[in-house]
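Throughout, numbering of the chain's residues begins at 1 and tracks the sequence.
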Amino acid sequence: PRRAPRQRARNKERGRMNRREPHAIMAAAAVAAVALALAFLVPLASADNVTRAASPKSFLLRDHHTTTTTTMLELPSRVFRGMERAFASDMAAAPANGTTEAVARVREASLDSGFEAVRDVIEADGDLAPVHWLNPPLHSFAGRTGSALPDDDPKRWILHFRENATEEEVEAFCERAASRRPNGEGCGGECWDEPAGRTVFFRLREPDDLHRCRRELGSKLEWLEREMKSYTMDTLAHTMQSRLRIQRVSSRLWGLDRIDQDGLPLDRTFHVTATGRGVHLYVLDTGIRYSHVDFAGRIANGIDLIDGDWDPWDNYGHGTHIAGTAAGTKFGVAKDAIIHPVRVLGDDGSGAWSGIIKGLNWIANNHQKPAAAVLSLGGHKSWSVNRAVQSLIDQGVTVVVAAGNSHKDACEFSPASVPAAITVSATDRNDVISSFANYGECVDIFAPGTDIMSTWNGKDHDTSVSSGTSMACPHVLGAVALHLENHPDATPAEVRQAILSSATQAEIGGLPRGTTKRMLNVADLPCAEVRDCVPGPWMEWESCPANTCGPRFQRRRRGVQERQRCGGRACVLEEERYCGEGPRCPESAMAAQAFSSEAAFDMEYKTILYSVFSDNAYSACLQEGKPLPESPKEGKWRSLDLADDSAAYVDVVGRTGKKVRFYGKDYRGVWVGSNGYITFDGPDEGSKAGWDEHFSRPRISMLFADLKPNLKPGSVKYAFRPEVRPNKLVVTFDHLHDYCAWYGCYGSNTAQAVLYL
C-alpha cells in the first residue's frame, strides 16, 4: 500500500511520455539518427583504438600514445551491440602500446537473460599479473536488478599477492599508495579494509591507476580482479506463522523425508544414526535469528562483517532458513550441531566478494574442529573467492556451496566452480531438477531445493517455505555434520568422498547431458555400528480382488520403525497369498502391436478395437478390410494437426462425461502421438520406440512407426461415436507416410483405433 502513490505517479509520468506531441517524437528520432551517423563517421576510428567502457551504452575512443579520453559517443543499445560484435575480433588482437593492454575476449557463455557473460581479461605478460573483469558485467543475474558492482563503484578492486609477498610488503604497499598525490607517478589509491591474508581490497584513485599498480607490483601480484556483488541463491520466500507450521509440517518436510531413502515414493519418516553433536557449522549468509526456538542452546560465536560488529542478527531471513535446514531441532538434518553465524550479506540479500573473502578468512583463523561451512550464495565467477574457499578447505574445513539459480552451467559461477568444495544443485519432490537450478560437470550432488520449509526471522517460532539451490545446500551441510560426528578426524577430501559415495544414483528428470545423477542419501553414510531394519506390525490382509482374471492374490503391508544402516538387512514390507481364481485371461503373445507398412503385417485399412477385460487385462481385436468401420468422411471429426514427433491431447471427460479406463486406472483423456501412440499419463513425443520404452509407461502402440503427419495436415483425426451418448473414442490415421527421403515418401498407413469408454 505504501508503494501505491509512487506507482500512480510513475504511471502518470509514463502517460505523459506516451502523449508527447508528434514534433517531439520526430526530434527524438532525429537525435538518434545523428548518433547513428556519428558512429560511422568518426574519422578512421579503427578497432585498434576502441575499448569498451563500463557504461552499457558507450564506447571510449582512446589514443594508444596517451592516457586521456579523446571522444565519447553515447549510442542506442542496439547500435552499441552491433559495434561490439563488429569490433570483437579486432579488439582481441589490439596491440599492447602505452597503457592500453591486449584484451582477450573470453567466449560468451549462454547464461540466463540477466547474466552478462563477457569476461574481459588482460592476460599475464611476463612479470605482469592478469586482470580479471577489466570491464564490469553490464547486469546482475538470477532475477536480481541493479548494478553488479557493490555501491555501483567501478574503482573497487581485489589484489591477490603471491606467496613470496610478506605481510610487511603488503602493508608497505597500502601506505605508499595512500600517500601518492593525485595525478602523480606510481600507483595511487587506498586499501579500504584490512587485508585478508594475501588478499588486498583496494580502491583506485583514478582508473589509470589500475595499470600503474600492475606495473609497480610486478611479480609480487598473482592477479587483479574487479570487486563485484554476491547474492543469496533463493527465490521468493513465503513466511508463515508458527500456528500454520504446526498444521502443515507433515506435508512440508518432504526434504528430510527424501534424503534418507533411495527413491520415491516418500515414506514420511526421517531416520539417522547421528545428530551432528560436537560438530561446528559456519553459516556464511545474512546472519541468523539466533533467538529462534529451533536453535536453543546451540548458537556459538560468530561475526557481522556487514555492520562490523559481533552481532550477526538476520534482518533478511535467508540465513535463518539455511541454519534451520542444516541444524534446526525440528527442521534440521543435524539436530545437535553447533551453529556459528557469519554475516556477509546485507538486509537485501546481497553483499560484496570482499565481504565473502573476509568471512572465509575469519573462519580459517577462528574455527573449531570438526568444522564445516556453507555458502548458499553466489555470483559472477571470482578467482579470489575460489582461492579463499580452497584456502579454507586446506585448513581442514569442509565447504558446501550452492550451484546457482540461473539454470545454466555451474562452472561459470563462484563459489560453485571450486573443485574441492561440495557443489549442490536442487530437485523438486518428484525427483526432477528444479526449474532454476544450475547443472553441468561442476555439480557434485543433488538435494531437495523446491518448496523447503524451515525457520524464519520474523519471530522466534516463525517458519517459511522457500526454493533455491540455497535450500538444497544445507541438507548436504547437515549430512556432513552427521559424518563428522562419527569421523571427527576426517579430512575435507574424505568427507566429500563419503557424501558422494553414499549418494543414490537417482533417476532425476530433466537433467542436461553431463550432469551427475547423485542424490543425497544419509542412510548410507558410513557409521560406527551396523543396524538391521526394524519393521512395524503387519496390517490386515487386503480383500481378494474381485475384478481380475486368472489367479488372484491378496496382500498385506507393514511400515518401518527404523531403517537399516551401514549395510544392515532390509525389512520385508509386503507379502501376498493366493485367494482364488478369476475368469480365464485372454491369450496374447504381446501386449502391443508391431505392425507398420514396412513390417510383415501391413496396417493399411485395419482397425483395432480396444476394450477393458478386467482390472489386470485389456482386450485388443483386429478387424480388417475396406471401408473402415467409422468412415473418416462422415459425421463430425476433429483434426489433430500434428508436427513430426509430437502429440496432442483429447479431452474425453469434457466431451462425453466419461473416463478412459486402462489397467485398473481411470484417465480424463488421452494423448494421441504422431507416430501411432496413444498414451494416458502425458504426451509421447519420441520417434519409433523400442520395446523397453513401450513398456515403461501406460501406452497403446498402434502403428509403432516413425510417421510424418506434418506432410499431410489433418491426416490424424478423432471422433466420439455414436454422436448421441457416445461410448467409444475413434482415432483415425488417414494415409500417413512412415518414411521420407529427398526423392519422396514411402508407406501409407490408414488405420483406426477404437477405445471403448
Side-chain angles (χ1 to χ4, degrees), residues 197 259-260 270-284 295 297-303 322-323 325-329 332-342 359-376 386-401 415 418-424 444-445 447 473-504 518 520-531 563-568:
I259 65 172
D260 73 337
F270 175 62
H271 294 288
V272 289
T273 59
T275 60
R277 183 178 299 276
V279 180
H280 298 265
L281 303 181
Y282 294 83
V283 181
L284 292 95
F295 309 135
R298 294 183 294 114
I299 297 291
N301 65 310
I303 190 171
I322 300 308
T325 301
T329 302
V333 178
K335 301 179 185 299
D336 288 332
I338 302 165
I339 307 167
H340 299 259
V342 181
L360 292 165
N361 193 60
W362 183 85
I363 297 172
N365 294 328
N366 297 278
H367 69 272
Q368 298 173 261
K369 286 188 172 66
V374 64
L375 292 98
S376 284
N386 286 8
R387 177 62 65 85
V389 171
Q390 184 60 55
S391 296
L392 183 58
I393 294 172
D394 293 342
Q395 292 286 323
V397 179
T398 302
V399 179
V400 182
V401 301
V418 178
I422 304 175
T423 300
V424 187
D444 294 313
I445 196 169
C473 228
H475 286 93
V476 177
L477 179 68
V480 168
L482 301 182
H483 184 70
L484 284 173
E485 179 185 348
N486 289 322
H487 305 84
D489 297 326
T491 65
E494 292 169 342
V495 173
R496 184 176 186 275
Q497 180 59 34
I499 296 295
L500 300 187
S501 61
S502 65
T504 299
R518 296 189 195 98
L520 178 65
N521 186 358
V522 298
D524 291 333
L525 284 172
C527 49
E529 180 183 355
V530 175
R531 298 189 183 183
R563 291 179 178 278
Q564 73 274 16
R565 293 292 183 269
C566 307

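R518 and A503 make their closest contact through CB-CB, 3.8 Å (heavy atoms, listed as atom of the first residue, atom of the second, distance). For the pair T398 and P492, the tightest heavy-atom approach, listed with the atom from each and the gap, is OG1-CA, 3.4 Å. Of all the heavy atoms in A274 and V272, the pair that sits closest is O-CG2, 3.1 Å. Taking both residues in full, the closest heavy atoms of A372 and L484 are given as CB-CD1, 4.4 Å, listed atom of the first, atom of the second, then distance. Closest approach of G328 and K335 over heavy atoms only: O-CG, 3.6 Å. Smallest separation of non-hydrogen atoms from A373 and L392: CB-CD2, 4.2 Å.
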**Message:** Evaluate L525 against H487 for side-chain contact (heavy atoms from CB on, under 4.5 Å), listing each step before the verdict.
**Reply:** CA-CA 11 Å; L525 284 172; H487 305 84; over 6 Å; no
**Item:** CA sep, side-chain torsions, deciding dist, call: V418, V401, side-chain contact (heavy atoms from CB on, under 4.5 Å)
**Value:** CA-CA 9 Å; V418 178; V401 301; 5.8 Å; no
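Between S391 and Q395, the closest side-chain pair of non-hydrogen atoms is not below 4.5 Å. Between P526 and H483 the shortest side-chain heavy-atom distance falls below 4.5 Å. At a threshold of 4.5 Å between non-hydrogen side-chain atoms, the residues I299 and P341 count as touching. Proximity of V424 to V400: side-chain heavy atoms (C-beta onward) are separated by under 4.5 Å at one or more points. Between L284 and I363, the closest side-chain pair of non-hydrogen atoms falls below 4.5 Å. Contact check for V397 versus H280: no side-chain heavy atoms found under the 4.5 Å cut-off.
In this structure, H367 and Y282 have perpendicular ring planes: the angle between them is above 60°, well past the 30° mark.
Distance check, rounded to the nearest 0.5 Å: OG of S502 to CD of Q497 gives 9.5 Å. I303 contributes atom CD1, which lies 7.5 Å from atom CG of N366 (distance to the nearest 0.5 angstrom). Rounding to the nearest 0.5 Å gives a distance of 7.5 Å between OG1 of T423 and CZ of R496. Rounding to the nearest 0.5 angstrom, the gap separating the CG atom in L482 from the CG atom in L477 is 10.0 Å. How far CZ of R298 is from CG of L281: 9.0 Å, rounded to the nearest 0.5 Å. Put simply, CD1 on I499 and CG on D524 are 11.5 Å apart, with the number rounded to the nearest 0.5 Å.
The one candidate from L375, V342, I322 that meets the side-chain contact (heavy atoms from CB on, under 4.5 Å) condition with V283 is I322.
A donor-acceptor contact shorter than 3.5 Å links the side chain of E485 to the backbone of T275.
Between the side chains of D394 and Q390, a donor-acceptor pair is found at a separation under 3.5 Å.
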